[in-house]
Number of protein chains: 2
Amino acid sequence: MVSSSASIKDVAAAAGVSVATVSRVLNSHPSVSPDARTRVMAAVESLGYRPNAVARSLRTHQTRTLGLVISDVLNPYFTELARSVEEEARALGYSVIIGNADERPDLQDHHVQNLLDRRIDGLLVSPTDGGSPLMLAAARTGTPMVFVDRWIPGVDVPVVRSDGRAAIRDLVAHLHRLGHRRLAIIAGPAATTTGSERVDAFREALASYELELPDAYIGQGDFQADSGRRVVDGFLDLAEPPEVVFAADNLMALGALDAIRARGLRVPADIALAAFDDIPWFVHTDPPVTAIAQPTKDLGRAAVRALVDRIEGRTPQSVTLPAHLVVRRSCGESPHPRTSTERSTR
Amino acid sequence: MVSSSASIKDVAAAAGVSVATVSRVLNSHPSVSPDARTRVMAAVESLGYRPNAVARSLRTHQTRTLGLVISDVLNPYFTELARSVEEEARALGYSVIIGNADERPDLQDHHVQNLLDRRIDGLLVSPTDGGSPLMLAAARTGTPMVFVDRWIPGVDVPVVRSDGRAAIRDLVAHLHRLGHRRLAIIAGPAATTTGSERVDAFREALASYELELPDAYIGQGDFQADSGRRVVDGFLDLAEPPEVVFAADNLMALGALDAIRARGLRVPADIALAAFDDIPWFVHTDPPVTAIAQPTKDLGRAAVRALVDRIEGRTPQSVTLPAHLVVRRSCGESPHPRTSTERSTR
DNA sequence: CATGTGCATGGAATCGATTACATGAGGGAT
DNA sequence: ATCCCTCATGTAATCGATTCCATGCACATG
C-alpha cells in the first residue's frame with residue numbers, strides 16, 4: 001500500500017486492464033463496465049495511486065493553474081488580494097502560483113518568465129512598471145492575461161481595478177472642511193498607473209477648492225515604507241511644510257508615521273496623515289488612520305472570473321469598482337466623532 | 001519571431017540539426033561544435049523558443065520547485081517567512097509554490113495533495129494541526145519534507161523553528177517587575193506545537209515567580225483575530241479579570257486590542273497586552289505593543305537550506321534559533337523609556 | 001440467418017523534452 | 001597504412017498520462 005509512487009501502468013497491471021481503461025475510469029468516461037470500474041478503483045486505492053499532474057499537463061496542454069504576479073507580498077493589500085484570488089480560483093477548479101515582484105521590474109520579469117515556462121493557463125498581473133519587453137510580448141502571445149489593480153496603458157488586456165477618484169474627492173473635502181490648505185502627497189512610481197492616477201485625482205480634487213499642488217508637495221515614493229520615511233523627512237525640512245500628508249499606499253504611510261514620530265511630532269496636531277488602502281491595523285495605530293478602502297476581495301474574485309472567462313473561450317469583461325473613504329482621527333477631529341466608519345476591523 | 005509557442009523540434013528544423021543537439025546546447029553539454037551552437041542559439045532567438053518546463057519535468061523527474069504550506073497568508077509573520085523562503089530558494093535555483101491553509105486542516109490537506117500531485121521536489125510545512133493521515137503518509141513516502149515554525153511530534157522530519165522559551169521568561173520577568181501578578185494567555189490551538197509550547201513556557205516562567213496560571217486565564221484561540229476578541233471578552237467578564245493578556249500571535253493581539261477598545265478600556269492603564277510575533281505595525285499602535293520577535297528571515301533561509309540538502313542527497317539539519325523580547329509600552333511604563341528596542345521598524 | 005448498432009476494451013500514437021547508444025569523421029600513435 | 005580514441009551528431013527509447021482507432025462481442029432488426 002501507499003508505495004512511493006505508482007504509475008498508471010502499475011494500476012492497470014494490478015486491475016488486470018489496460019492503461020486506457022484506467023484512464024477512462026479516472027476521467028469518468030461513460031464507456032466503462034461496472035466490473036472494470038470497481039477493479040480499477042480498488043487498485044488505485046491499494047496502491048495509493050495519484051495521477052501525475054506533470055504527465056497529464058503535457059498531454060492535455062493545460063495545467064489548470066493560474067499565475068499571479070503581485071507587486072509586494074509584504075503589503076497587506078496584496079496579500080488579501082492573493083487570498084481572494086486563490087479562493088475564487090479554487091472554487092473554479094484552478095490552483096494559483098504566486099510570484100512576488102517586490103516592486104522590482106527585474107523580479108517581475110523573472111516570475112512572468114517562470115510562469116510562462118510552466119505553461120500556466122492564464123496570468124494575472126499587477127504590473128510594477130510601464131511594461132518590460134517581456135511583459136508586452138507575453139500580452140501579445142497566446143497566454144490569456146488580465147491586469148489587476150494596476151495596468152499597462154495601450155496594452156489590449158482586460159483590467160480589473162478600483163477607481164479611487166470619488167474617494168479621493170471625499171478625502172479632500174474632508175480635509176478642507178477641517179481647515180487644511182497645504183496638502184502634500186507621497187506618490188507611487190510614475191510608471192505605475194496607480195502611482196500617477198492617485199496624484200492626478202488628488203490634484204484635480206484640490207483644484208475644485210482653488211488649491212494648488214506644488215511640486216515641492218509631491219514626494220516621489222516607490223510604495224515601500226522606506227520611501228515614505230524619506231519623503232516625509234523632505235516635507236518636514238521645507239520652509240513651509242505641508243499640513244497634511246496623503247500616502248498613496250499603506251506601507252508608505254507606515255514609513256511616514258515612523259519619520260514623524262522620529263522628530264517627536266504628533267499626528268494630527270502637528271501634521272495630518274491619510275493613506276490609500278485601508279488595513280485592519282489602521283484602527284489601532286496612534287492615531288487611527290483615515291484611509292481609502294478598496295473592495296479587495298471583490299477585485300480578486302472579479303479578476304479570476306475574467307481570466308477564467310478568457311481561458312475557457314468566453315469574452316472577459318474589464319471591471320472597475322469604487323473605493324470609499326473611511327474617516328478616522330489622523331486628520332483632525334472629525335465633525336462626527338465615533339461614527340460607524342470608525343468601527344473595528346472585519 | 002516570438003511565435004505563440006515553438007517546440008524543440010521547430011528549433012532543430014530551423015537550425016538544421018537534430019533535437020538531440022538542440023537539447024545539448026540548451027543544457028550546455030560539452031560535445032557540441034561551435035558552429036552548431038551558434039546556429040541553435042540563433043534559431044532559439046528568432047523563434048523566441050523557451051523550453052517547456054512540463055515536458056522537461058516529466059523526463060527528468062524533477063521540477064526544481066518547492067512547496068510551502070503556510071498556516072495563514074494574512075498573518076504578516078507568515079508572509080515574511082514566505083518571502084524569505086522564496087528568496088533563498090531562488091538563490092539556489094528553485095521556485096516556490098505557496099499554499100495557504102487559513103488555519104484549516106482540510107485546506108492544508110488540499111494543498112499538500114495538490115503539491116504532491118505536481119511532483120514538487122520538496123515540501124516545507126508549518127502544520128495547522130497534529131497531523132492528518134495524508135500529512136503522515138506524505139512524511140513517510142519519498143518526498144523530502146521539512147517542518148518550519150510548527151511541527152508534528154513523533155514524525156521523523158527535520159524541524160526549523162525558533163525557541164521562545166527564554167524570551168517568554170524575559171517577558172514574565174518584565175511583567176513581574178512592573179507589578180503585574182494576574183497574567184492571562186490567549187493560546188493557539190492545542191494541536192499545534194507553537195500553540196501548546198507557548199502556554200507551557202508561560203506557565204513555567206510564572207512558576208518561577210510563585211505565580212499560577214489558572215484555567216480561567218487560559219483562553220483558547222485559533223491564531224486568528226476573531227478568537228482574540230472572543231477570548232478577551234471572556235477575560236473581561238470574569239469577576240477578577242487579569243492585569244495582563246499575552247496573545248500567542250499577532251493577529252489574536254489585534255483582536256484583543258479590538259475587544260479592549262470596544263469596552264472603552266485603555267492599554268496599559270486598565271489592562272496590559274503583549275504578543276508573540278513582532279510586526280512593524282506594533283511600533284505605531286496605541287500604545288506600541290511589547291512583543292516577542294522571531295528571526296523570521298533566518299528561519300526561512302535555514303528551512304530552505306535544510307530542504308534542499310535533503311533533496312540533493314546531503315543530510316539536513318534541524319535548526320532552532322532564539323526569539324527575543326522587544327519591550328514597548330503596552331505593559332506599563334518601562335524602567336528605561338525610549339530604549340533602543342523601541343526603535344522604529346527597519 | 002445475415003447484418004447493423006452500440007458498447008467495452010486494448011493497441012499505439014502523441015505531448016516535448018532528455019539521454020543511452022550507434023555511427024562516422026578526423027587525428028595521433030605505431 | 002592501420003588501428004584506436006575522441007568528438008560531434010543523429011536515432012530512438014523513455015517519462016506518464018490521454019485519446020483516436022480498431023476489434024470483438026452482444027443484441028436488435030429485417
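Only this structure's heavy atoms are used, side chains among them; waters, hydrogens and symmetry mates stay out. Quick note on labels: first sequence line is chain A, next is B, and so on, each numbered from 1.
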Taking OP1 and OP2 of D/dA8, is either one under 4.0 Å from a side-chain nitrogen or oxygen of B/Thr21?
-> no
Can you tell me if the side-chain N/O atoms of A/Ser31 get under 4.0 Å from OP1 or OP2 in C/dT9?
-> no
Testing B/Val146, B/Asp121, B/Leu92 for side chain to side chain contact (heavy atoms under 4.5 Å, CB included) with B/Ile311, which one passes?
-> B/Asp121
Can you find a side-chain donor-acceptor pair between B/Ser71 and B/Arg150 that sits under 3.5 Å?
-> yes
B/Arg119 versus B/Ser57, side-chain donor and acceptor atoms under 3.5 Å | no
How close or far is atom [atom2] of [N] from atom [atom1] of [X], stated in whole angstroms?
| X | N | atom1 | atom2 | value |
| --- | --- | --- | --- | --- |
| B/Arg118 | D/dA17 | CZ | P | 15 Å |
| A/Gln62 | D/dA17 | CD | P | 16 Å |
| B/Asp117 | D/dA17 | CG | C1' | 13 Å |

Is B/Val22 touching bases, backbone alone, or none of the nucleic acid, heavy atoms closer than 4.0 Å?
-> nothing
salt_bridge(A/Arg104, A/Asp106) N-O dist < 4.0 Å | yes
Taking only Lys NZ, Arg NE, NH1 and NH2, and the carboxylate oxygens of Asp or Glu, determine whether B/Arg39 and B/Asp35 approach each other closer than 4.0 Å.
-> yes
Crowding at CD, B/Glu312 (>12 non-hydrogen neighbours, <6.0 Å) = yes
For every nucleotide of nucleotides 11-17 of chain C, 5' to 3': is a protein heavy atom under 4.0 Å from its base (B), only from its sugar-phosphate (S), or from neither (-)?
-> B-BBBBB
